[in-house]
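Counting from 1, the numbers follow the sequence of the chain as shown. FYI, side chains are in, hydrogens and waters are out, and symmetry mates aren't considered; it's all heavy atoms of this structure. Counting convention: from 1, in listed order, for ligands and their atoms alike.
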Amino acid sequence: MREKSIQLSPSILASDFTDIRQTLRLISSCELDYVHLDVMDGMFVPNITFGPKFIKDMRAHSDLIFDAHLMIEEPERYIRNFADAGCDIISVHKEATKHLNRVISMIKDEGKEAGVAINPSTSVFEIENDLASIDYVLVMSVNPGFGGQSFIAGSLRKIRQLDEIRRAEGYEFRIMVDGGVSLKNHIALKEAGADVLVTGEAFFRAEDKRAFIEEIES
Ligand code: DX5
Ligand code: ZN
């Protein structure tokens, strides 16, 4: 894997699900490492996407890092299923479980990287006690449920706060940002301390994907 100052994780939510193999090939051909998988249950968020079966089928066609973002209530019910399906990173929402620490342990016990996602109205201090043990914080910069929404600028402050805590405490989690990421805000996000940018619409709508990636990575 190439060392990059910033990683892009394209969200397949903005792609045609019936053409998933082509989408995976496209992402690999762009020399990207991650693919972002938005799992929605119609309860935690007002939308429904796909589950472990779809991810397992994708796994047979790709070596990308499967970055699963579970927008589901009580994710503890399905950690084993998503791990078995071949996810590499499993991120769960702080707001979706009463027992976040237990869910993180379940993900680690499966040998996967653990992420914690926080909604725009959730403070970074609500997950302070778990920052030492997780691999990713997924800062939602839109209200989860749909692609193509406008970036909520207040999330920049949360990224800065996380970066400060990380430096002060010597933690190793990476900061991933999800929602409304585009060429209009990527510089501010990097400066704030983001390590991985999830991009749905901006990536899949870009006519020239290589130019888009070069600009983000530059
Ligand atoms: C929203 C999802 C995002 C979404 C991002 O609930 O978690 O991953 O696909 O899409 P864009 O980049 O279009 O905002
Ligand atoms: Zn997402």
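Of the possible polar contacts, none joining the Ser62 side chain to the Met58 backbone as a donor-acceptor pair under 3.5 Å is found. Asp178 places no side-chain N or O within donor-acceptor distance of the main-chain N or O of Met140, the cut-off being under 3.5 Å. Between the side chain of Lys112 and the backbone N or O of Ile79, no donor-acceptor pair lies under 3.5 Å. Looking only at distances, no side-chain donor or acceptor of Asn119 sits under 3.5 Å from a matching main-chain atom of Val139. With Asn185 contributing its side chain and Ser182 its backbone, the two residues share a donor-acceptor pair below 3.5 Å.
Within ligand 1, the atoms closer than 4.0 Å to a non-hydrogen atom of Glu201 are 11 (P), 12 (O), 13 (O), numbered from 1 in the order shown. Those atoms of ligand 1 with a heavy atom of Val198 less than 4.0 angstrom away are 8 (O). The distance from ligand 1 to the heavy atoms of Pro144 drops below 4.0 Å at these ligand atoms: 6 (O). Residue Leu13 approaches ligand 1 through these ligand atoms, each under 4.0 Å from one of its heavy atoms: 9 (O). Annotation for ligand 1: atoms under 4.0 Å from non-hydrogen atoms of His36 are 8 (O). Below 4.0 Å from some heavy atom of Gly179 lie the following atoms of ligand 1, by number and element: 14 (O). For ligand 1, the atoms closer than 4.0 angstrom to any heavy atom of Gly147 are 10 (O), 13 (O). The atoms of ligand 1 that sit less than 4.0 Å from any heavy atom of His69 are 7 (O).
Gln7 and Asp33 share a side-chain donor-acceptor pair at under 3.5 Å. Counted by atom type alone, Glu95 and Thr122 present one or more donor-acceptor pairs between their side chains at under 3.5 Å. Residues Asp130 and Asn101 have side chains that bring a donor and an acceptor to within less than 3.5 angstrom of each other. Counting only N and O atoms by type, the side chains of Arg166 and Tyr171 include no donor and acceptor under 3.5 Å apart. A donor and an acceptor atom, one from each side chain of Asp38 and Thr49, are nowhere located under 3.5 Å apart.
No heavy atom of Ala14 sits closer than 4.0 Å to any atom of ligand 1. In this structure, Ala202 does not count as a contact residue of ligand 1, since none of its heavy atoms falls inside 4.0 Å of the ligand.
The protein atom (non-hydrogen) at minimum distance from atom 6 (O) of ligand 1 is Gly145 N, 2.7 Å. Phe146 O, 3.5 Å is the protein heavy atom nearest to atom 1 (C) of ligand 1. The shortest contact between atom 3 (C) of ligand 1 and any protein heavy atom is with Asp178 OD1, 2.9 Å. Atom 14 (O) of ligand 1 has Gly180 N, 2.8 Å as its closest protein atom, hydrogens excluded (heavy atom only). For atom 12 (O) of ligand 1, the closest non-hydrogen atom of the protein is Gly200 N, 2.8 Å. Looking only at protein heavy atoms, the nearest one to atom 13 (O) of ligand 1 is Gly148 N, 2.8 Å.
Relative to atom 2 (C) of ligand 1, the option among Leu37, Val39, Val45, Asp38 with the closest non-hydrogen atom is Asp38.
Taking the six-membered ring for Trp and thresholds of 30 and 60 degrees, His69 and His36 have ring planes inclined between 30 and 60 degrees apart. The aromatic rings of Phe50 and Phe17 sit perpendicular to each other, their planes meeting at more than 60°, with 30° as the lower class boundary.
Close N/O approach between Met71 and ligand 1 is not found [any backbone or side-chain N/O within under 3.5 Å]. At least one N or O atom of Ser11 sits closer than 3.5 Å to an N or O atom of ligand 1.
For the pair Leu197/Ile6, a side-chain contact is recorded, criterion being any heavy-atom separation below 4.5 Å from C-beta on.
Counting heavy atoms of neighbouring residues, nucleotides and ligands inside a 6.0 Å radius, atom CG of Asp63 does not exceed 12 of them. At most 12 heavy atoms of other shown residues, nucleotides or ligands fall within 6.0 angstrom of atom NZ in Lys56.
For Lys184 and Phe151, the positive end is not near the middle of the six-membered ring at less than 6.0 Å and at most 45° from its axis.
Less than 2.8 Å away from the Zn ion (ligand 2), the protein contributes these N/O/S atoms: His36 NE2, Asp38 OD1, His69 ND1, Asp178 OD2.
When non-hydrogen atoms are compared, ligand 1 lies under 4.0 Å from the backbone of Thr199 (N, CA, C, O) but not from its side chain.
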